[in-house]
Visitor: 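My questions will all concern the structure given below.
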Protein chains: 2
Amino acid sequence: MLVKGKHYRTIWQNPGNLNSVFIIDQTKLPFSFSVKELKNFKDTAKAIERMQVRGAPLIGVTAAFGIYLAALEARSMKSDIKKTIRFISDASKILSQTRPTAVNLFWAIENSLNKIKTALTAGEAVSISLANAQKMAEDDVQVCEAMGMNGLELFKLLYREKKLKRLNILTHCNAGWLATVDYGTATSPIYKAFESGMDLHVWVEETRPRYQGGKLTAWELGEMRIPHTIITDNAGGYVMQKGLVDVVITGSDRTTLNGDVCNKIGTYKTALAAADNNIPFFAAVPVSSFDFNIKDGINEIDIEERNSNEITVTEGLQGKLIRKVKIFPEKSPVKNFGFDITPSRLVTGLITERGIIHPRKSEIKKLK
Amino acid sequence: MLVKGKHYRTIWQNPGNLNSVFIIDQTKLPFSFSVKELKNFKDTAKAIERMQVRGAPLIGVTAAFGIYLAALEARSMKSDIKKTIRFISDASKILSQTRPTAVNLFWAIENSLNKIKTALTAGEAVSISLANAQKMAEDDVQVCEAMGMNGLELFKLLYREKKLKRLNILTHCNAGWLATVDYGTATSPIYKAFESGMDLHVWVEETRPRYQGGKLTAWELGEMRIPHTIITDNAGGYVMQKGLVDVVITGSDRTTLNGDVCNKIGTYKTALAAADNNIPFFAAVPVSSFDFNIKDGINEIDIEERNSNEITVTEGLQGKLIRKVKIFPEKSPVKNFGFDITPSRLVTGLITERGIIHPRKSEIKKLK
């Protein structure tokens with residue numbers, strides 16, 4: 001999408017030197033727009049771990065590029081194919097330990113490794129892993145665009161049915177283009193609708209603790225000049241109570257066979273507020289992030305408990321300097337749960353690249 | 001309650017010099033504990049305006065002490081009773097302009113002025129206004145203690161019924177002793193239960209945007225050595241989903257005749273999560289904060305929209321310095337709704353100083 005009027009993706013091969021990859025360092029947003037070069041798989045692992053890249057689809061694509069960079073390293077050491085495979089396999093273990101809940105990460109790594117198995121030389125491992133990473137990136141863009149077009153149809157329907165002059169959308173966290181290669185998942189329908197000339201406004205829940213809503217989604221929407229307003233997560237219920245929201249749309253890190261949606265902490269409370277006010281709640285779910293092996297999200301998904309300093313330390317600007325400040329009493333214990341489960345009964349529908357479906361086993365299993 | 005092991009109230013007369021009043025400067029918490037002397041009514045007005053004292057009950061008591069300090073000033077100028085009354089009346093206008101929505105503030109000032117009307121000399125105005133301020137403070141402590149004892153009975157019941165080894169309480173915002181003269185409203189049952197030897201743990205929702213949960217409630221509980229854990233507001237739903245909460249208890253700024261609870265923004269979402277998980281939700285409501293004139297909270301209560309910099313600017317410690325940092329994109333619009341309405345259907349009961357009641361008109365009107 002656009003940054004300062006110029007088109008970017010979140011990850012791309014260095015056009016001047018094919019041995020490295022560029023990403024947008026998302027930890028610097030919204031304070032500065034900074035592009036970072038990843039020169040080897042360890043850079044890639046660090047970028048995922050430090051959340052310089054984040055969002056399930058983008059993490060997957062980044063890991064695939066990480067495997068490619070590992071293959072490049074193996075080739076530069078003049079490894080034979082056995083050593084190359086071992087090197088890449090070791091690298092993949094490091095890559096897979098960067099984010100414990102990211103299904104796309106494991107899937108991308110496994111997918112890469114499976115393809116590389118057919119390589120006869122280190123050179124072939126390089127070209128196979130590169131082609132794979134590039135294909136994953138292109139596929140992701142296509143998937144996001146397709147979700148956008150499906151979501152656009154939904155928005156048009158709401159517009160007509162409710163005779164709206166302006167569509168008010170509420171979103172939580174960042175399931176935006178920054179979380180994918182381009183377009184985003186939950187934001188893709190918003191971008192497609194805005195491009196189609198639809199009058200819309202987005203309520204952006206700030207999304208504590210990391211503020212991905214207020215910091216990233218608001219930044220994305222601002223750069224695209226889409227009308228939006230940041231509110232606290234706490235205020236999401238209030239704007240719904242007041243009739244100021246027509247539809248809620250979020251992303252999903254993992255969706256079960258029964259349609260339970262695992263997503264950024266707070267999504268569950270937001271979905272409860274939507275249900276209580278008869279506002280449709282949709283999750284944008286690429287088929288790749290369904291987990292067909294589990295049914296009950298609450299009992300079967302382990303929730304990542306993250307470092308408490310994400311809650312106790314806030315980063316922001318003082319003048320032009322980025323500073324970190326501690327906001328709570330030093331001695332108080334803090335727990336930082338990263339995700340929660342929105343049970344399928346609170347979900348109106350799932351927007352996938354293959355259409356919008358009900359959050360039911362009978363419909364989800366057809367996607368397998 | 002205790003601070004560094006020593007008992008404090010939030011406001012008290014200077015024992016060495018009866019011509020001034022001490023408060024805890026709450027804007028410095030949780031970073032430093034600082035006692036401030038108020039020497040005249042203007043100091044008092046500033047303390048309310050700058051939120052060095054906050055919380056509806058404490059604001060009322062502080063204003064009453066402000067009237068006393070105004071009477072002292074009038075006497076020191078050797079004013080006759082007419083001039084004294086005029087001076088106090090002018091002071092009361094300044095005091096009443098400090099916080100636009102604080103019902104207790106207006107009530108406390110009016111109450112003081114009415115009593116002073118009977119004074120025949122400046123000296124009598126001083127003694128009447130002092131007795132009135134002291135009585136308001138004592139009454140507030142009694143009300144809070146009574147709510148605490150009623151809440152304690154409720155906790156004991158839960159303990160027995162659910163055969164608990166430890167009672168897990170979740171609270172939102174600060175309805176603690178810092179918001180009153182002592183004990184607090186929502187925290188009073190917690191303090192009474194802890195004093196009675198009950199094993200308990202408190203989940204403290206941080207309460208964006210001003211973090212009164214993470215900054216004040218956590219500080220209070222820490223000083224009392226009560227086990228507690230700070231979580232984001234977003235995580236409140238998750239801990240309930242996981243069965244880690246036995247009861248939710250919050251304060252209330254205003255409760256309608258039908259039992260709708262107006263309280264700090266986010267209370268509604270928290271109450272929804274409690275209802276969805278069959279966890280009882282109680283609001284601690286002193287009889288003085290019922291509004292018997294209105295029924296429907298959502299349609300009849302105007303919600304204060306506050307300065308957006310409460311959301312966009314976060315204050316914290318860098319080393320030993322208190323700094324303010326801006327956290328969001330400069331250009332993104334922000335709206336800051338201060339309160340929301342929890343409809344009575346989500347409220348299990350109201351803890352008052354006169355007993356615990358159902359949130360129903362038939363029971364509430366008896367308190368009038």
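Residue numbers start from 1 in every chain, and the chains themselves are labelled A, B, ... in the order their sequence lines are given, proteins ahead of strands.
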Visitor: Is B/E315 in contact with chain A via its backbone, its side chain, both, or neither, using a 4.5 Å heavy-atom distance?
Guide: backbone
Visitor: With only heavy atoms counted, which part of B/R345 is less than 4.5 Å from chain A, the side chain, the backbone, both or neither?
Guide: side chain
Visitor: Against chain A, work out which of B/H228, B/Q241, B/K215 has the most heavy-atom pairs shorter than 4.5 Å and name it.
Guide: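 Heavy-atom pairs under 4.5 Å are most numerous for B/Q241.
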Visitor: Relative to chain B, which segment of A/F339 carries a heavy atom at a distance below 4.5 Å: side chain, backbone, both, or neither?
Guide: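 Interface part for A/F339: backbone (N, CA, C, O).
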Visitor: What pair of heavy atoms forms the shortest contact from B/K269 to A/G237, and how long is it?
Guide: CE-N, 3.7 Å
Visitor: Using heavy-atom distances under 4.5 Å, tell me whether B/T270 contacts chain A through its side chain, its backbone, both, or neither.
Guide: both
Visitor: Less than 4.5 Å apart, any side-chain heavy atom of B/Y211 and any of A/F328?
Guide: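 Yes, side chains in contact.
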Visitor: Flag the one option from A/D340, A/T232, A/T314, A/I265 with the top tally of heavy-atom pairs under 4.5 Å to chain B.
Guide: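 Heavy-atom pair counts peak at A/I265.
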Visitor: Can you tell which of B/V334, B/N299, B/L221 has the highest number of heavy-atom pairs within less than 4.5 Å of chain A?
Guide: B/V334
Visitor: Heavy-atom pairs under 4.5 Å with chain B - which of A/S308, A/A235, A/G319, A/G222 has more of them than the others?
Guide: A/A235
Visitor: Has the side chain of A/K242 got a donor or acceptor atom that lies under 3.5 Å from a matching backbone atom of B/I298?
Guide: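 A pair under 3.5 Å: yes.
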Visitor: Specify the closest pair of heavy atoms between A/R208 and B/N234, including all atoms of both residues, with the distance to one decimal.
Guide: O-ND2, 3.0 Å
Visitor: Quick one, A/P329 and B/E223 - any side-chain contact, counting heavy atoms below 4.5 Å?
Guide: no
Visitor: Among B/L321, B/I311, B/I341, which has the most heavy-atom pairs under 4.5 Å with chain A?
Guide: B/I341
Visitor: Please classify the contact between B/V239 and chain A as side chain, backbone, both or neither, with a heavy-atom cut-off of under 4.5 Å.
Guide: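 Just its side chain gets close to chain A.
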Visitor: Write down the atom of A/F337, the atom of B/Y238, and the distance for their closest heavy-atom approach.
Guide: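 Minimum heavy-atom contact is CD2-CE2, 3.2 Å.
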Visitor: Any side-chain heavy atom of B/D233 sitting closer than 4.5 Å to one from A/D233?
Guide: no
Visitor: Enter the distance from B/N277:CG to A/L272:CG here, rounded to the nearest 0.5 Å.
Guide: 8.0 Å
Visitor: Would you mind telling me which of B/M240, B/H172, B/E205, B/E206 has the largest number of heavy-atom pairs within less than 4.5 Å of chain A?
Guide: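 Looking at each of B/M240, B/H172, B/E205, B/E206 in turn, B/E206 comes out on top.
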Visitor: Heavy atoms only, distances under 4.5 angstrom: which of A/T207, A/I327, A/N336 has the most pairs with chain B? Name it, please.
Guide: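 Among A/T207, A/I327, A/N336, the one with the most close pairs to chain B is A/I327.
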Visitor: Should B/L317 and A/E330 count as side-chain neighbours, where that means a heavy-atom distance under 4.5 Å?
Guide: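 The answer is no; the side chains never approach within 4.5 Å.
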Visitor: Which one, A/K335, A/K331, A/Q318, A/R323, leads in non-hydrogen pairs under 4.5 Å with chain B?
Guide: A/R323
Visitor: Can you tell which part of A/P30 gets under 4.5 Å to a heavy atom of chain B, answering side chain, backbone, both or neither?
Guide: side chain
Visitor: Does CZ belonging to B/R225 count more than 12 external heavy atoms closer than 6.0 Å?
Guide: no
